[in-house]
Every structure is written in structure tokens, then in C-alpha cells.
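Just so we're clear, the structure is a prediction, and the values are computed from it rather than from any experiment. No hydrogens, no waters, no symmetry mates; every other heavy atom, side chains included, goes into these values. In what follows, chains are A, B, ... by sequence order, proteins preceding strands, each numbered from 1.
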Amino acid sequence: MLRERGITKSSLGRDEFLQYAWEWKEKYGGIILQQLKKIGCSLDWDRTSFTMDDEYYQTVIKVFIDLYKKGHIYRGKRMINWDVRAKTALSDEEVIYKEVQSKLYYLRYQITDESGNPLPFSPSGDGGITIATVRPETILGDSAICVNPNDERYKHLHGRFAFVPLINRKIPIIPDEYVTMDFGTGALKVTPAHDMNDYQLGQKYNLEIIDTMNDDGTMSEAAQLFIGEDRFEVRKKIIPQLEAAGHLVKMEEYTNQIGFSERTDVVVEPRLSLQWWVSMKNMAAPALKAVMHEEINFHPAKFKNLYRHWMENIKDWCISRQLWWGHRIPAYYTPDGEFVVAASIEEAFDQFKIQNTKYKIADIRQDDDCLDTWFSSWLWPFEVFKGLSHPGNAEVKYYYPTNTLVTAPEIIFFWVARMIMAGYEYMDEKPFNDVYFTGIVRDKQGRKMSKSLGNSPDLLGLIDQYGADAVRFGIMIASPAGNDILFDESALEQGRNFNNKLWNVLKLIKMWEGRQSPNVDVEPANGTHHSPLTTHDFALAWFENRLNQVKSQVNEMMVQFRLSEALKTIYSLVWDDFCSWYLEWIKPGFEQPIEKAVYEKTLVYFEELMQLLHPFMPFITEEIYHLLQDKKDDLCVKQVAPLQAFDKSILKAGDLLKQVISALRDARNKNQVKPKDTIKLHIQTADVADYQTIENILRKQVNAELITYASSTVANTIVVAVEKDKFFIETDQQLDTATLQAELLKNLDHQKKFLESVLKKLGNERFVQNASPEVVDLERKKQADAEARIKTIEESLQNL
RNA sequence: GGGGGCAUAGCUCAGUUGGUUUAGAGCAUCUGCCUUACAAGCAGAGGGUCCGCGGUUCGAACCCGUGUGCCCCCA
């Protein structure tokens with residue numbers, strides 16, 4: 001926003017900058033809420049909260065002071081990015097990395113022998129070690145030379161010393177795995193004051209930190225040489241001097257990434273500076289325990305490992321940020337650098353007075369830095385209910401600990417871990433029971449969505465294009481907990497198509513609204529007696545049981561946070577079981593009435609399907625729920641009915657029916673029987689009664705004009721074997737016996753191989769002895785079934 | 001440099017205590033259908049040494065080891 005208006009941050013004072021920041025917040029902060037509403041998040045929109053709200057802000061400050069008093073907050077040194085022109089620290093976001101053509105200088109240092117005496121130095125002889133650097137001016141701050149301990153070239157030098165060229169300061173040669181053997185010469189100069197990584201090494205080996213630079217980028221007195229001259233001037237000047245003294249071995253062209261200040265475009269200088277820290281060890285202990293002992297459950301659980309590793313090796317938390325927007329650190333300084341921590345400048349001055357300060361309140365200055373954004377966010381689970389500003393209030397008592405945190409795995413340390421710590425520190429209790437980690441959405445190339453890449457999908461645009469429910473569907477179907485999802489619009493298309501399907505179901509059922517017949521008992525062709533209620537008993541009973549079964553499955557999945565699986569299951573229930581099977585089974589003929597009982601049951605089923613689907617697709621399901629019948633209640637608040645038991649035998653019968661229908665359709669297809677051509681179907685089975693109950697369905701589904709029961713083979717027919725039963729398709733079509741035979745042989749081969757594998761298992765004595773009886777029984781059943789199928793197929797082959 | 005993860009159909013991915021009729025879905029592909037809810041659809045089909053190797057086990061996509069290739073987080 002500022003950039004658009006041509007304003008730079010440095011041209012503004014702090015107060016003016018904050019004005020702009022608030023303006024931005026008011027304008028854009030609402031956009032994300034708008035998006036959440038549009039995608040159907042079911043939240044209490046009257047109770048949004050912001051960490052910079054007055055009361056929350058004060059709580060953050062209170063917590064800082066509290067932790068400081070407890071001794072958990074302290075000041076310590078840390079490497080930061082320094083802008084030598086603006087003479088200010090930069091946040092990481094303000095550093096712009098550019099690829100730069102540099103030179104890599106190979107410099108040779110004089111070394112000592114084993115007893116620490118200098119070896120004679122010559123540009124090529126034994127008495128030296130060569131390092132490579134792009135910043136030769138920093139050698140004046142060297143504290144050590146480091147080599148990889150496994151590097152044969154330098155093993156003899158471990159424990160010896162080297163001398164910094166030109167100033168001859170004696171520094172140790174140390175071995176550490178940090179050094180890469182194949183970069184440069186394999187020997188690294190260590191300059192703790194001017195390089196992040198070198199600083200770490202310095203800490204590890206307790207090396208001297210020699211700050212050779214002033215805050216304006218000129219050399220300091222500690223450098224001994226070139227004092228007061230600019231770092232880049234020094235780089236130019238030092239090379240000829242090194243060359244003259246025989247230290248310069250060679251120069252190479254080298255491309256590297258260098259950080260530039262966003263504000264002044266000068267090269268950023270890593271610099272040690274005083275920052276604020278929170279010590280973490282004590283707070284981490286209960287937070288680690290909570291997750292390891294499953295008082296707090298991670299979904300998926302694989303993140304427990306990650307969490308444990310981090311918590312066991314936790315480092316102190318640097319909470320100061322060189323920013324203006326945020327919670328300003330409540331530390332106050334006198335001009336000579338003394339400081340106190342206090343809620344206001346007045347309180348700070350009171351503290352200074354106790355220390356008999358010579359300064360006036362006007363001399364006191366507050367810390368310029370702000371707190372890390374997570375230092376406010378970690379209080380969220382309780383302070384959002386004002387649990388710290390108004391301890392023990394009714395809301396925090398009711399809501400805390402909260403149920404489930406939904407968040408991204410990338411902030412498991414930044415946010416999740418710290419909320420848990422803050423929960424135990426300030427509430428003496430965990431902040432939530434479950435943590436659900438969503439996947440990170442990536443683009444088709446697998447890249448993370450980011451503002452700078454500009455590859456984030458335009459959510460509102462996608463909603464316009466596909467609909468909110470379709471977008472929700474597309475994202476949820478593809479994202480099991482904690483796995484990244486590659487954003488692919490084809491999943492949204494699937495969602496859109498599903499919406500379309502649901503509308504069409506509504507359309508179909510609506511067509512039946514004024515077209516019901518009383519329940520009739522259609523006399524079946526063969527005169528067998530059917531139930532007095534309806535000929536659709538089987539379809540109704542089957543779907544009702546199937547619905548109850550899926551409800552149980554979905555319930556189980558939801559409890560375990562397996563959301564994408566739950567959605568897939570519901571999707572398949574609606575599209576396959578309800579639409580492709582059930583509705584086709586009960587659908588009356590053209591302009592025929594539907595039986596009242598069937599119609600009413602169908603309404604109930606469809607409503608229940610909408611309720612099952614509602615959490616995933618709230619808009620369309622709510623709409624259909626109300627369009628279907630006048631309703632006083634809303635799906636979004638409707639309680640879910642208790643789960644009901646289901647009858648497995650009827651589900652099995654349904655599966656068999658589906659299998660028979662598919663097999664017969666396949667046979668029709670393969671024999672080029674046109675969809676419109678009717679067939680005569682002859683069934684050879686031991687269970688005639690079973691087929692009679694589903695005869696009407698079967699006739700409709702395979703377009704048969706007649707179904708009879710045969711006691712033996714029917715000649716000149718297409719033979720289809722399903723389980724132990726045989727089906728003979730009689731048609732006017734010329735039969736292609738070769739194709740039929742090939743099909744049967746293929747099937748026979750498959751069954752035989754299967755039987756073979758089962759027999760091999762059962763023939764293994766150790767299997768029969770060790771496996772559980774149920775498993776062995778199952779194998780025996782597989783054997784019997786396979787043998788029966790083989791017999792059927794063989795008989796069919798003989799008939800050809 | 002430290003840590004974590006992934007590898008299953010052409011593509012994107014499911015597959016939870018190792019045994020569920022010798023692996024599932026969507027998309028893509030092929031065949032046949034404009035069949036009065038739906039062509040954004042219907043009915044079918046094909047497609048997989050579950051990354052390589054070794055081990056544990058009566059039994060491994062699943063557990064262990066190892067190799068290879070990718071990804072992420074932290075520094």
C-alpha cells in the first residue's frame with residue numbers, strides 16, 4: 001500500500017507508519033473474514049478477535065513483564081541483519097537476496113608446528129594453510145581456521161595454530177564436521193562477529209568475537225588496520241597488500257547470493273546485537289509430556305516425533321523483532337543504557353527513581369523493537385476468552401480447554417508448541433484436546449503457494465467459477481490430514497459435477513411429488529406371493545441398511561479425523577448406491593406413479609444423505625433440505641440421530657444382485673447386444689426364492705422381457721457364471737462362441753490361480769497351526785467358493 | 001549441517017492394530033449408449049514385479065535394515 005503511494009517506511013516516523021498500518025488492517029483484515037464466510041465456515045461472526053485489540057495488547061505486555069519477573073525473559077546477543085547506511089537492524093523480510101558476481105580469494109596463512117612454533121612461511125611451501133573467502137577484509141576478525149575432521153589433507157594440522165596475515169594474530173586450527181570438504185580448499189576461516197554460521201562455530205568452541213566493524217560499515221579499532229575506512233574500500237586495498245606479502249594464492253570468479261537492504265539497497269552486514277529472549281527449558285517440559293502422554297492428540301500422529309525432537313532440543317526463543325507494527329517491548333532505557341521493564345513509561349520512571357537515576361522522565365526512551373508475532377498468538381486459546389485479563393470468567397471456564405485446533409504443520413513449533421506451553425504456564429491446563437494438521441496446498445509443480453510466486457489460487461474467483469461447495473469438496477476430497485495437496489482444478493470439477501448430480505436427484509424426486517399411487521401389490525409374472533406392502537421391499541430394505549452401515553463408518557472416520565475418507569465414503573454412497581442402484585431400482589416407468597410408501601422412504605433417505613454431507617457441502621445440502629419439503633429447522637443445527645444397527649445378510653444379497661447385474665450387462669456389451677434390445681433370461685440356481693424377490697429389479701436392470709428358472713443348461717445362449725449360479729441370456733443376436741469361450745477360459749485361469757494360492761496357504765502346516773482360526777476358516781471358505789466357481793465355469797465351457 | 005517426511009495405475013492420491021475372495025478412488029484412456037433426473041451423464045472395459053535389495057513372520061504394500069530419488073522444517 002505504501003509502495004503504491006510512493007512512500008517509504010524510513011521516510012515516516014513510527015507514529016505515522018502505525019497510522020498507515022491500521023488503515024491497511026481495517027481495509028484488508030476484513031477480506032479474509034469475507035473469504036471464510038464465502039467458503040461456508042460455520043463460525044460466530046459476532047465474536048471476532050484481534051491480538052492488537054486494546055485489552056489483548058495489555059495482556060501481552062503483562063505476560064512479558066510477568067515472565068521477566070520470573071526470570072524467564074532476558075537480554076542476549078544474536079546475529080541480526082544490519083543496514084550500515086540507515087544504521088538500523090533489518091527484519092528478515094527486509095533483506096532482499098540477489099545473485100552477484102563475486103570473487104573468491106584463496107589466501108594462505110602461516111602455521112605453527114606441533115609445539116606451537118611458527119614454521120617458515122613461503123607462498124608455496126609446507127608452512128601454510130590456504131582458505132577461500134569472498135570477504136578478505138574480514139580476515140582481521142578471524143578467530144580460528146576450521147577443517148573437516150575426516151579431511152586427510154588436514155589431519156596433521158588438528159591442534160596447531162595459524163597466523164592472521166598482516167596482523168599476525170595467532171588463531172587455532174580446529175576440526176568440525178560443519179566444514180564441507182569439497183568447497184574451496186576445505187579449510188574455512190572463522191569470523192564469529194561477521195557471519196551467522198561462524199558465530200555458531202564460535203559459540204561451540206568458545207572463540208573470541210572480534211567485531212572489526214563500526215555501525216556505519218567502516219573498520220573499527222579492533223581491526224588494527226584500515227581503521228575508519230569503508231569495508232569495500234578495504235577489500236580493494238587489502239588484496240595488493242596480501243599479494244605483496246605472499247598470502248594471495250589465486251582468485252576465482254564466483255556467483256553467490258548476497259543480502260541487500262530493502263530500504264537503502266546497501267549490502268547487509270551480519271552483526272551481533274542485543275535482543276530479548278525467553279528461556280524455554282522449563283516451559284517445554286509439561287508441553288512435551290502432554291503430547292507424549294496423549295493428553296493432547298495430534299492428527300496425524302506422525303507429527304509427534306517431530307514435536308518430541310524439537311521439544312527435547314529446544315532453544316531459547318528470540319522474541320524481539322526490528323519492526324514497528326506489533327506489541328512494543330515494554331523495556332525502558334536511560335541514555336546511558338540502563339533499563340527496566342514496566343507497563344508504562346511512568347512506571348518505568350518510578351523504578352528508575354528507586355535506583356536514584358539522574359535522568360528526567362523526558363530522557364527515558366522505550367525499546368524501539370516489537371515482539372515476535374507468536375508472542376501474542378501463543379496466548380490465544382485463553383485470552384480470546386479474556387482468560388488472563390479477567391481470570392476465571394464464565395466464558396473461559398466454559399470454553400477452556402478448547403476441543404480441536406486446526407492448523408498447518410509448518411507452524412507446529414511457532415504456534416502449537418508455544419500455545420501448549422502458555423496453556424500450562426498461565427491456565428495450568430492444556431489449551432485443546434486435539435490438533436488437526438491440514439496439508440499445505442501446493443501448485444501443480446509442487447511449489448508452496450506464496451505471494452511472491454503469485455501462484456496462490458484466487459479463492460473467490462474459484463468460488464465464482466465452481467461454487468463454494470465444489471471448492472470445499474475439491475480441497476477436502478484430496479487432503480488427508482497432514483499430507484500436502486497438489487492443487488488441481490480437476491478435483492473442483494469433480495465437486496461441481498457432484499453438485500450437479502445432487503440437483504438432478506432433487507429434480508427426479510420432485511417429479512414424483514404429485515404422482516403417487518396407493519401401495520399396490522403387483523402380481524409377479526410367475527405368481528409367487530409378494531409382501532402386501534410393496535414390490536420394492538428389497539430395494540428399501542437394502543438401502544436403509546446400507547445407509548446405516550455408512551453412517552457408522554463415517555462416524556468412526558470423523559472421530560478419527562479421517563475427513564477425506566469420510567467424504568469419499570459419502571460421495572460413493574450418494575452417487576453409486578443411492579443414484580446408480582437404489583433410484584434405478586425404485587424408479588417408476590415413464591409417467592408412471594410411484595408407490596406412496598416408497599416415495600416417502602426415499603424422501604427420508606435423501607434428507608439423511610444431505611445431513612451426512614452437510615459438513616462438507618453446507619450450501620447445497622441446506623438448500624435441498626428445504627426444497628424437498630417445508631421444514632422449520634435447519635440442517636446446520638439439526639442434531640444427528642443415534643446410529644442404528646444394520647443387517648449384514650441383506651447387504652450381502654445386495655452385493656450379489658449388483659454383481660449379477662454387472663456381469664449380465666458386461667455379457668450383453670461383449671456380445672454386442674444393443675441396450676435397447678430385450679433379452680430372455682434363464683437362471684439356473686439352487687436359491688430360486690432369493691431371485692424371485694429381486695426379479696423385478698433384475699428384469700429392469702438388464703432389460704429382460706422374461707425371466708425363467710432353468711433346471712439345466714439352456715442351449716444357444718450366452719452363459720454367465722456368477723458365484724454358484726448360471727445365467728443364460730437368450731437373444732436374437734448371432735453368438736460369437738469364440739469370444740465367449742475366450743472369456744470363460746480367462747476367468748477359469750484366474751480362478752484356478754486363485755485356488756492354487758489358497759491351497760498353497762492351506763497346505764502350509766505352520767499356517768494352519770499359527771494363524772488364528774478365523775483366518776484359517778476364511779481360507780477354507782475361499783477354497784470352497786473358488787472350487788464351486790471353477791465347476792460352474794467348466795460346465796459352461798462344455799455347453800459351448 | 002541437524003531433524004522430519006514421501007515413493008502404490010498414465011496423472012493426483014486413499015489403503016490405521018501384517019491375513020477381508022491374489023490392491024481402491026477421481027481424473028485421463030478405450031468400447032457402447034442423446035435409455036424421459038442427469039452427456040458436468042449412463043453402462044462396461046483395460047491398466048499395477050505396491051521404488052531396488054535384504055531381513056523378521058505361517059503370512060508383508062503395511063514391521064525392521066539398506067540403497068536410490070524427491071520434498072519440507074530448522075540453522
Side-chain angles (χ1 to χ4, degrees), chain A residues 79 176-180 196-197 199-201 300-303 305-310 313 315 409-414 440 442 444 446-448 466 470 474 477-480 482-491 493-512 557 560 562 564-565 568-569 571-572 576 579-580 583-584 587 589-591 661-663 665-670 672-676 701-703 723 750-751 753-758 760-762 764-772 774-776 778-779 781-786 789:
Chain A
M79 275 277 171
D176 192 279
E177 303 268 353
Y178 168 71
V179 180
T180 317
M196 303 274 182
N197 296 313
Y199 179 69
Q200 304 283 334
L201 268 180
K302 67 179 177 187
F303 289 114
N305 279 340
L306 194 70
Y307 180 83
R308 187 184 61 214
H309 187 267
W310 193 73
N313 298 284
K315 296 194 176 78
E410 56 193 347
I411 53 175
I412 186 167
F413 311 129
F414 293 137
I440 298 168
R442 299 175 182 284
K444 261 192 154 171
R447 298 176 307 181
K448 220 163 128 177
Y466 294 99
I477 197 91
S479 57
N483 275 19
D484 291 357
I485 65 169
L486 267 71
F487 183 77
D488 188 348
E489 290 198 19
S490 76
E493 250 174 73
Q494 193 190 345
R496 182 201 57 188
N497 294 352
F498 190 36
N499 275 292
N500 196 41
K501 188 75 178 176
L502 295 175
W503 283 122
N504 279 308
V505 175
L506 178 68
K507 194 170 134 194
L508 177 68
I509 294 179
K510 276 283 166 190
M511 279 172 55
W512 299 338
M557 289 168 187
Q560 294 174 56
R562 291 153 63 183
S564 69
E565 278 182 76
K568 275 179 188 170
T569 306
Y571 173 82
S572 164
D576 301 331
C579 294
S580 298
L583 287 177
E584 293 298 332
K587 193 162 82 175
F590 182 53
E591 291 191 338
I661 292 169
S662 290
R665 282 169 172 171
D666 185 29
R668 287 183 58 120
N669 246 333
K670 289 217 166 84
Q672 275 130 30
V673 178
K674 292 260 176 287
K676 275 182 176 161
Q701 293 275 276
V702 300
N703 197 15
E723 297 298 315
H750 180 258
Q751 297 297 343
K753 275 190 184 147
F754 174 68
L755 179 63
E756 208 176 301
S757 76
V758 174
K760 197 177 150 197
K761 230 179 201 180
L762 285 166
N764 185 339
E765 257 177 58
R766 287 188 297 178
F767 168 73
V768 181
Q769 276 165 15
N770 294 327
S772 71
E774 297 87 44
V775 173
V776 178
L778 189 70
E779 289 304 311
K781 181 156 185 333
K782 280 187 199 172
Q783 181 194 349
D785 290 350
R789 281 193 299 261

When you get a sec, tell me which of B/rU21, B/rC58, B/rC38 is the closest nucleotide to the side chain of A/K501?
-> B/rC38
Of the candidate nucleotides B/rC42, B/rG44, B/rG26, which contains the atom at the shortest distance from the side chain of A/Y571?
-> B/rG26
How far, in whole Å, is B/rG48 from B/rC11 if one measures between their C1' atoms?
-> 14 Å
Rounded P spacing from B/rG67 to B/rG3 in Å | 15 Å
Would you kindly give the CG-to-P distance between A/N313 and B/rG1, to the nearest whole Å?
-> 18 Å
Given B/rA37, B/rC33, B/rG19, the nucleotide with the shortest approach to the side chain of A/M511 = B/rA37
Kindly say whether, by distance alone, the side chain of A/D785 makes a donor-acceptor pair under 3.5 Å with the base of B/rU21?
-> yes
Would you say the side chain of A/R562 and the base of B/rU16 hold a donor-acceptor pair, judged only by whether the two atoms sit under 3.5 Å apart?
-> yes
Given B/rG3, is OP1 or OP2 found less than 4.0 Å from the side-chain N or O atoms of A/K315?
-> no
Note: A/K781-A/D785 ion pair, threshold 4.0 Å (strictly below) | yes
When you measure from the side chain of A/C579, which nucleotide among B/rA37, B/rG5, B/rG26 comes out closest?
-> B/rA37
Looking only at atom P, what distance separates B/rG47 and B/rC53, rounded to whole Å?
-> 23 Å
Of the nucleotides B/rC38, B/rG5, B/rC58, which has the atom closest to the A/N504 side chain?
-> B/rC38
Atom P, compared across B/rA25 and B/rU21: separation rounded to whole Å = 14 Å
N/O (side chain, A/S580) to phosphate O (OP1/OP2, B/rA43) under 4.0 Å = yes
Side chain proximity check, A/E779 to A/V768, heavy atoms < 4.5 angstrom | no
Using only heavy-atom distances, decide whether a donor-acceptor pair under 3.5 angstrom links the side-chain of A/K670 to the base of B/rU31.
-> no
Atom CD of A/Q783 and atom C1' of B/rU20 are separated, to the nearest Å, by 18 Å
If we ignore angles and hydrogens, is there a donor and acceptor under 3.5 Å between the side chains of A/S572 and A/D576?
-> yes
Quantified in whole Å, what is the C1' atom distance between nucleotide B/rC64 and nucleotide B/rG1?
-> 27 Å
